[in-house]
Amino acid sequence: MTRQLSVLHYNKTPLNDQLSEAVWKRYLAAMDGQRVYFLASDIQRFEVNKLRFDDQLKTGQLIPAFSMFNVLQNRMYERLTFAQNELEKNSKGILDFSGNALIENDRKESAWATSRAELDQLWRLRLKAAALSLKLSGKNGDEIISTLKRRYKSQLTALGQTKPEDAFQTFMNAFTETYDPHTQYFSPRNSENFNINMSLQLEGIGAVLQTEDEYTKVVRLVPAGPADRSRQIKPGDRIVGVAEGDKDFTEVIGWRIDEVVELIRGAKGTTVRLQVLPSGSDSGPAKEISLVRAAVALEDQAASKKVIELKRNGQTWRIGVIKLPAFYADFQGMQAGDPNYRSTTRDVHRLIGELKQERIQGLVLDLRNNGGGSLSEVNDLIGEFISTGPTVQVRDARGRIETLGDGNPDIAYTGPLAVVINRLSASAAEIFAGAIQDYGRGIVVGGTSFGKGTVQSMRDLGHGQLKITEAKFYRISGASTQNKGVEPDVFFPDLFDDKEIGESALEGALPWDTIRAARYQRIDQFASRLPGLRQASRTRQQKSPDIRYLVDQQKLLADIKEQKTTTLNEKARLAEKQALDGKRLGIENRRRQAKGQDPLDTWKDVEDLAEKQNPDHDPNFERPEELALLNEAGEVLLDLMQSPNTARRKAPASAPARPVADR
């Protein structure tokens, strides 16, 4: 691994004292990110390795790393045993929520405890916080103590099953992820799980998960998967309990990610229930959702179309919308010679033809929540909107630049185009949006995209596999999509927090940079019109009840996340919840009042109404605020069409790119 990283990784980071210190810090964070197990004296003893890990890795000396892990095992045993004893001897104190105690929401930057007594007090607060969350979820005192006893017994059992492989993987990933967050070591078991996920051979809920402190966090949803279709779970949420069918919940706080995944997976058609802490809520209570496991079929991710009608100055404008959840291709059907095989480009080409028959006057391509996919498909799809020319550049670890391009002069659509993106538009979706923006072929609206501009490959090891970043994507303008993502020409509100979601939120993410631009010719120069387009959109957004609702939600979420501590006083906590529900109700009623609708009396009324609007959790159901953003994309497109100097012509041919093999 050390050799492959030094030779193959894009960054060519030298393995020296500076990297050794970074590995040391990341290893501590991986073992005890919330600083609730180790003592300050432990950290002081560990410091001897801070500048030695580089030399030890080069010679395969892992005893110091294993020794640190063994100290963690002992400290975890002490803490979990302490928790069990407290539950036995001090249940009355744990269930007393009348004091003024506070608990920190995030201890990543807190000082390490200097004594066992200090840790004891911290854990008493943790127990009280867990108990209060259960109380607010409706459990009585006996149920709370029983639940917590099961939780810590389960964690002790899992602790006793820890293998040397677990220590090895924890340390190796602390090492690999200092290069960048997408470079990872997979043990033989996790390597098998990764390959299963990539081939979609095993049914599940369609969510990518990762461990964050003691929680299992949702990173992204697979388009059209059970979780995505349910509309009940979103990136940033944390899974705290799992149940099979009607069975009792198993709490998974503190579990290893592979064990949680094993619990969630199951046969197609079976039901799994999850207890989920919504993003931004550390204090609960958790909400319960039910999902039917299924494999994600290609047709579920397929592009779809509709027509929206916008009225302006007494005239009705018909705008076509193509929603594209992913860049997909049926490679097996293609190789088998199936003339009707499915792919993004073929499907979009067909939908454009159908929309032309419906006499559309403009086209919106909706790439919100599109996590990427096939590079060859995004290359071909760009070619449906431009004549021949480059589409994306790829630079490898040796600095060699390959330019992919569209060599087919045929264009499926030459009319006005808008592309909608958000924080969950990533990888191939960013390549498409970036190319459309660089060519001036259309206008890009929405939120800043994810910023995933790196390319990984799998390398077999004698034991497991190494996923390693070996290349980087660049737009034809020479700007990387990495870290910064694609910034839209016109911004819309986005509820995803860029401090939590996106490449820039990942520690150690490779930086944004530039290379030489490819040779290409812009199709339209509308940069001078952008200030006017932005101002017109801002004015409409301020008048739109649904978009103002999104802005108010943004501000409320930001306020919630600013809270550094949580009270453990039940009355105060209930008062906080009532105040929060009151703010949410106020936001909803301001929207209803602006629409001429009757106000609702309680926040529960709002939740019940939302359930009635989409009782079957239809994945195609669009909330009013989502429709408002889509309509605003159409309005911006109309502004562009009606602004001075808008060219009414076919896209001209661009300078030919260097011929390259398709990828």
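Just so it is clear, the structure is predicted and the values come from calculations on it, not from any experiment.
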* **Evaluation steps, side-chain contact (heavy atoms from CB on, under 4.5 Å), between W112 and T114** => CA-CA 6 Å; W112 298 96; T114 58; over 6 Å; no
* Begin from the C-alpha positions of L119 and F82 and carry the test side-chain contact (heavy atoms from CB on, under 4.5 Å) through to its verdict. => CA-CA 10 Å; L119 272 183; F82 172 81; over 6 Å; no
* Given side-chain contact (heavy atoms from CB on, under 4.5 Å), test T13 with L5 step by step and report yes or no. => CA-CA 8 Å; T13 305; L5 285 168; over 6 Å; no
* Applying side-chain contact (heavy atoms from CB on, under 4.5 Å), run through F46 and F38 and close with a yes or a no. => CA-CA 11 Å; F46 296 158; F38 287 135; 3.7 Å; yes
* Is there a salt bridge (Lys or Arg N to Asp or Glu O under 4.0 Å) between R395 and D513 once you walk through the steps? -> CA-CA 12 Å; R395 183 168 72 173; D513 63 347; 3.2 Å; yes
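The number of heavy-atom neighbours closer than 6.0 Å to CD of E109, taken from other residues, nucleotides and ligands shown, is 12 or below. Within a 6.0 Å sphere centred on CZ of F66, other residues, nucleotides and ligands contribute more than 12 heavy atoms. Atom NZ of K12 sits in a crowded spot, with more than 12 heavy atoms from other residues, nucleotides or ligands closer than 6.0 Å. Under a cut-off of 6.0 angstrom, the local environment of CD in E507 is sparse, with at most 12 non-hydrogen atoms contributed by other residues, nucleotides or ligands.
Here the side chains of Y215 and L277 are in contact, with some heavy-atom distance below 4.5 Å. Side-chain atoms of R573 and S133, non-hydrogen and from C-beta on, do get closer than 4.5 Å to each other. Taking 4.5 Å as the limit, some side-chain heavy atom of T157 sits within range of a side-chain heavy atom of Q161. Using a 4.5 Å cut-off on side-chain heavy atoms (C-beta onward), V240 and F249 make no contact. A heavy-atom distance below 4.5 Å is not found between the side chains of V261 and T216. Under the 4.5 Å side-chain criterion, counting only non-hydrogen atoms from C-beta, L57 is in contact with M172. Annotation: side chain of K452 is not in contact with side chain of T481 (no heavy-atom distance under 4.5 Å). Looking only at side-chain heavy atoms (C-beta outward), K163 and D166 come within less than 4.5 Å of each other.
Between E251 and K153 no salt bridge is recorded (no basic side-chain N to carboxylate O distance below 4.0 Å). A salt bridge between R79 and D32 is absent, with no side-chain N of the basic residue lying under 4.0 Å from a carboxylate O of the acidic one. Under the 4.0 Å criterion applied to side-chain N and carboxylate O atoms, E500 and K217 are not assigned as salt-bridge partners. A salt bridge between E104 and R107 is present, with a side-chain N of the basic residue lying under 4.0 Å from a carboxylate O of the acidic one. In this structure, E430 does not pair ionically with R475, as no charged nitrogen and carboxylate oxygen lie closer than 4.0 Å.
One N or O on the side chain of Y27 and one on the backbone of A65 form a donor-acceptor pair closer than 3.5 Å. Counting only distance, with no hydrogens or angles, the side chain of K287 and the backbone of Q232 share a donor-acceptor pair below 3.5 Å. Of the possible donor and acceptor atoms, one in the side chain of T176 sits under 3.5 Å from a partner among the backbone N and O of T183. The closest donor-acceptor contact from the side chain of K128 to the backbone of G93 lies under 3.5 Å. When atom types are taken as modelled, the side chain of R293 and the backbone of I264 share a donor-acceptor pair closer than 3.5 angstrom. Side-chain atoms of N422 come within 3.5 Å of backbone N or O of N369 as a donor-acceptor pair. Judged purely by atom type and a 3.5 angstrom limit, W123 uses its side chain to pair as donor or acceptor with the backbone of V36. With T178 contributing its side chain and V23 its backbone, the two residues share no donor-acceptor pair below 3.5 Å.
Among all heavy-atom pairs drawn from L424 and P235, the shortest one is CD1-CG, 3.7 Å. Minimum heavy-atom separation, P181 to E503: CG-OE2, 4.4 Å. Across all their heavy atoms, N483 and L510 have their closest contact at ND2-O, 3.0 Å. Of all heavy-atom pairs between G372 and N370, the closest is N-OD1, 2.8 Å. A243 approaches D248 most closely through the heavy-atom pair CB-O, 3.7 Å. Here the closest non-hydrogen pair linking G206 and P226 is N-CD, 4.1 Å.
In summary, the side chains of T469 and Q456 do present a donor paired with an acceptor at a separation below 3.5 Å, with no hydrogens or angles considered. In this structure, a donor-acceptor pair under 3.5 Å is absent between the side chains of T567 and E576. Residues E165 and S187 bring no donor and acceptor atom of their side chains to less than 3.5 Å of each other. In this structure, a donor-acceptor pair under 3.5 Å is present between the side chains of S146 and R150.
The side chain to side chain donor-acceptor pair (under 3.5 Å) pairs that include a residue from residues 48-75 are D42-R75, Q73-T162, R75-E78, where partners are two or more places apart or lie in different chains.
Here the straight-line distance linking atom OG of S427 with atom CD of Q482 works out to 10.5 Å at 0.5 Å rounding. Taking CD1 of I501 as the start and CG of L495 as the end, the distance is 12.0 Å to the nearest 0.5 Å. Atom CD of Q465 and atom CD1 of I468 lie 13.0 Å apart (nearest 0.5 Å). Taken from CD1 in I94 to NZ in K89, the straight-line distance is 12.0 Å, to the nearest 0.5 Å. Here CD of E487 is found 4.5 Å from OG1 of T448. Values are rounded to the nearest 0.5 Å. Going from atom CZ of F473 over to atom CD1 of I431 covers 4.0 Å, rounded to the nearest 0.5 Å.
Evaluation of the salt bridge (charged side-chain N to carboxylate O under 4.0 Å, His left out) rule for D396 yields R400 as partners, not counting sequence neighbours. With sequence neighbours excluded, the residues satisfying salt bridge (charged side-chain N to carboxylate O under 4.0 Å, His left out) with D237 are K234.
When each of Y185, F175, F69 is tested with F168 by the rule ring-ring contact (aromatic ring centres under 6.0 Å, His included), just one qualifies, namely Y185.
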